[in-house]
S.K.: 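Take a look at this one; I'll ask things after.
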Protein chains: 2
Amino acid sequence: MHNQAELAYRRLRERLMDGHYNPGDRLTELGICEDLAMSRTPVREALRRLQSDGLVASTGRGVVVSSLSPQDMQHAMQLHGALDALAAKLAATAQHEGRLSPAQLGALKRASRNVEERAETSDAAGAWRANLDFHMMLARLSGNPLLEDALDRIWARFAIVSLSNVSRRTDLTPRQHDAIVSAIIDGDPQRAEAAAAEHVREAAEMYGEGHQDRRSGPSAL
Amino acid sequence: MHNQAELAYRRLRERLMDGHYNPGDRLTELGICEDLAMSRTPVREALRRLQSDGLVASTGRGVVVSSLSPQDMQHAMQLHGALDALAAKLAATAQHEGRLSPAQLGALKRASRNVEERAETSDAAGAWRANLDFHMMLARLSGNPLLEDALDRIWARFAIVSLSNVSRRTDLTPRQHDAIVSAIIDGDPQRAEAAAAEHVREAAEMYGEGHQDRRSGPSAL
DNA sequence: GCACTCGACACTGGATGCAATGTATACGTT
DNA sequence: AACGTATACATTGCATCCAGTGTCGAGTGC
C-alpha cells in the first residue's frame, strides 16, 4: 500500500512522534499539503486517521497536536500497565511452548541491552527511542497483533508529549527490563507478567513525582 | 459534531454492529453514497476510520466487512480479558474511594439484572446486546476514557461476527456478572479484577469448545 | 483613546470531475 | 469445447472547485 493517503499518514505520524511537531501546534490542511507536496484529499484522510488514533484533536476549526494532561497520562499508563503485563505473559507462554525462535529471543535481549547502553549516554531522545523499541519488541513477541496495535497506539501518544521535553530526566528504569527478559527466557508467564506490571507501576510513580507539583492545576503540560 | 462524515461513520458502524452487514460482505463507496444519500467524500472518510478500527478491511479493490478467524477471536479475547479486569479493578477502586455515585451503581446493577432477564428469553440478539451494555457500563465506571475506547473497539469487532450468528447458543454466563458487581459494590479491587478475569476466561473457554472442531483449518468463519 | 462593528480572508466540509486500474465477460482461436 | 486474450465497465484514488463559516484586522463612532 503505497498510495498518497497512506504515505501522508505515515509521514505525519513520523513527524508527530519524532518531535517535529509539538503538542498544541496547529496544523492546517493547506500547510501540510505544501509540506508533503500532495493534494488536500489524501491529507484529510490522514488527518482523520490520526484523529481516530488520538494523536491530533479537532478544535472545530482545524486540528491541533494532542497534548496529554496529567490525567490523560495517568489513564494511558494504567492501560499501558495492563497491556504490557499481558504481552509479557503471552511472550513467556510462547517461549514456554517453544514457539519463540532464537532470533526473536536474541532481538529481545539486544533491545534490552541497547536501552541500558543508551541510558548511560546523554542522548535522552535516543534512550527514549530504545526504550520504546524494547517495549514494542515485547509486544511483537506476544504474538497477538491486536495487542501489538493497542500498545502501538499508546506509545504513539507517549511519544508526542515525551519527545518534546526529553531534556528533563528521562525516568528510565532499564534494570527492570532484565527481570522481564529473564522471566520470558525461562518461559515463566506468571513472573513475566508480575515483572512487567511492576515495571510500569514504578514508571508511573516516577512520573507522578515529577508532576505532582502541578497536579491540581488544569492540563498545562 | 453533526457533519456528514461523522454521521456516515456512526450510521455505518451501527449497520455493521447490528448485523445489517455481514462479515465478508463487499462495500462499494457508490453503493453507500446512495444508501446514505451523501457524496463520496464523507463516505470515504468514514470508511477509513472504520478501517482503522479494524471493522472493515481493504482488499486492494474496495473494502469488505472484517471477519474474525478463530485465531483473531482468541487474540481479541486475550485483550478483552486484560482490559475487562483492569476496568473492574478501577471501578472497584473508584467505589472504594467513594467516587461512584449511587446512580452509577444503580445503572450497573440494572445492567447486570437486564442480562439475566434477557438470557432467559429466546431473544438471543437482545441478550447479546444486554451483555454488551453491561460490559460497556463497567468500562464507563472505570473512569478511564482510553480504556473505555479500547473496549469499545474490541466489542465492535465481536459484534460484527457475533450478531450474524447469534442463532447458535449465545454462551452467556450472566451469573458471573454478580461476582464482579458485588466486588465493585464492596470496593474490593482485587476481587473485582479476579472475577472479571475469570469471567472472560470461562467465556473464552466456552467459545473454544464451540469452535475447536475447525481449530486447525484456515480462517474460514 | 478605546471599544464596537463591518468586511475581507483564510480555512474547512462537501461535491464532482478525471485518470488509472483491476475485473469480468465475450469473442476468437486451437 | 476449453482456454487465452482483448475490450468494456465498474470502482477507486486524487485533484480541483464551490459554499459556508469563523477569525482577525481595520476603520469608525463614542
Side-chain angles (χ1 to χ4, degrees), chain A residues 1-16 20-67 156-157 160 218-220, chain B residues 1-16 20-67 149 156 160 218-220:
Chain A
M1 276 256 250
H2 43 289
N3 53 7
Q4 299 281 75
E6 179 71 16
L7 197 107
Y9 176 72
R10 279 212 280 260
R11 302 234 336 239
L12 284 178
R13 198 172 197 274
E14 190 62 28
R15 269 180 159 75
L16 247 12
H20 190 284
Y21 297 144
N22 288 337
D25 283 1
R26 178 142 180 263
L27 299 180
T28 76
E29 292 177 5
L30 246 49
I32 298 169
C33 289
E34 197 173 351
D35 216 11
L36 266 50
M38 61 180 69
S39 168
R40 278 182 57 207
T41 309
V43 168
R44 287 184 55 172
E45 288 181 6
L47 282 178
R48 289 301 136 81
R49 282 180 66 184
L50 291 169
Q51 200 173 334
S52 181
D53 290 347
L55 302 190
V56 303
S58 167
T59 63
R61 197 74 182 172
V63 299
V64 297
V65 179
S66 293
S67 65
R157 295 177 93 120
I160 289 182
S219 63
Chain B
M1 276 255 252
H2 44 286
N3 53 8
Q4 297 281 75
E6 179 70 16
L7 197 110
Y9 175 72
R10 280 211 278 260
R11 303 237 331 242
L12 284 178
R13 197 172 196 274
E14 191 61 28
R15 270 180 160 75
L16 248 10
H20 191 284
Y21 296 143
N22 288 338
D25 283 1
R26 178 143 180 262
L27 299 180
T28 75
E29 292 178 4
L30 247 47
I32 297 170
C33 288
E34 196 173 353
D35 216 10
L36 266 51
M38 60 179 73
S39 169
R40 279 180 55 209
T41 310
V43 168
R44 283 177 60 108
E45 288 181 7
L47 283 178
R48 287 301 134 81
R49 283 179 66 184
L50 291 169
Q51 200 173 334
S52 182
D53 290 347
L55 268 41
V56 303
S58 169
T59 61
R61 196 73 180 174
V63 299
V64 297
V65 180
S66 294
S67 66
D149 191 61
I160 289 181
S219 63

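As a basis for the values below, the full set of heavy atoms in this structure was taken, side chains included, without hydrogen atoms, waters or symmetry mates. Chain letters run A, B, ... following the sequence lines, proteins first, then strands; residues in each count from 1.
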S.K.: Assign B/Thr41 to base, sugar-phosphate, or nothing according to its heavy-atom contacts below 4.0 angstrom with the strands shown.
M.R.: base
S.K.: Side-chain N or O of B/Arg40 versus OP1/OP2 of C/dG13: is the shortest distance under 4.0 Å?
M.R.: no
S.K.: Write down the distance between CG (B/Leu7) and C1' (C/dG13), rounded to a whole number of angstrom.
M.R.: 14 Å
S.K.: If you only use heavy atoms from C-beta on, which nucleotide in D/dT12, C/dT16, D/dA15 is closest to the side chain of B/Ser39?
M.R.: C/dT16
S.K.: Just how far, in rounded Å, is C1' of C/dG14 from CG of B/Asn3?
M.R.: 10 Å
S.K.: Report the distance from atom CD of A/Glu29 to atom P of D/dA15, rounded to the nearest whole Å.
M.R.: 13 Å
S.K.: In whole Å, what is the span from the CD atom of B/Glu45 to the P atom of C/dG13?
M.R.: 7 Å
S.K.: Can you tell which of C/dG14, D/dC14, D/dT11 lies closest to the side chain of B/Ala5?
M.R.: C/dG14
S.K.: Just compare C/dG13, D/dT11, C/dC11 and give me whichever is closest to any side-chain atom of B/Arg26.
M.R.: D/dT11
S.K.: If we check side-chain contact (heavy atoms from CB on, under 4.5 Å) with B/Ile160, which of these qualifies: B/Val65, B/Val56, B/Asn22?
M.R.: B/Val65
S.K.: Can you figure out which of C/dG14, C/dT12, D/dG13 approaches the side chain of B/Arg48 most closely?
M.R.: D/dG13
S.K.: Counting heavy atoms from C-beta on, name the nucleotide in C/dA15, D/dA15, C/dC11 closest to the side chain of B/Pro42.
M.R.: C/dA15
S.K.: Expressed in angstrom and rounded to an integer, what is the separation of B/Ile32 atom CD1 from D/dT11 atom C1'?
M.R.: 12 Å
S.K.: Can you tell me the distance, in whole Å, between the OH atom of B/Tyr9 and the C1' atom of C/dG13?
M.R.: 19 Å
S.K.: What's the shortest heavy-atom distance between A/Leu12 and A/Ile32, and which atoms?
M.R.: CD2-CG2, 3.9 Å
S.K.: Check this for me: does any side-chain nitrogen of one of B/Arg10 and B/Glu6 sit under 4.0 Å from a carboxylate oxygen of the other?
M.R.: yes
S.K.: Considering only NZ, NE, NH1 and NH2 on the basic side and carboxylate oxygens on the acidic side, decide whether B/Glu45 and B/Arg49 come within less than 4.0 Å.
M.R.: no
S.K.: Quickly work out the A/Leu47 CG to C/dG13 C1' distance and round it to whole Å.
M.R.: 13 Å
S.K.: Could you check how far CG of B/Leu30 sits from P of C/dA15, rounded to whole Å?
M.R.: 13 Å
S.K.: Which atom pair, heavy atoms only, marks the closest approach of A/Arg11 to A/Asp35?
M.R.: NH2-O, 4.3 Å
S.K.: Is it the case that the base of C/dG14 and the side chain of B/Arg44 share a donor-acceptor contact (distance under 3.5 Å, atom types as modelled)?
M.R.: no
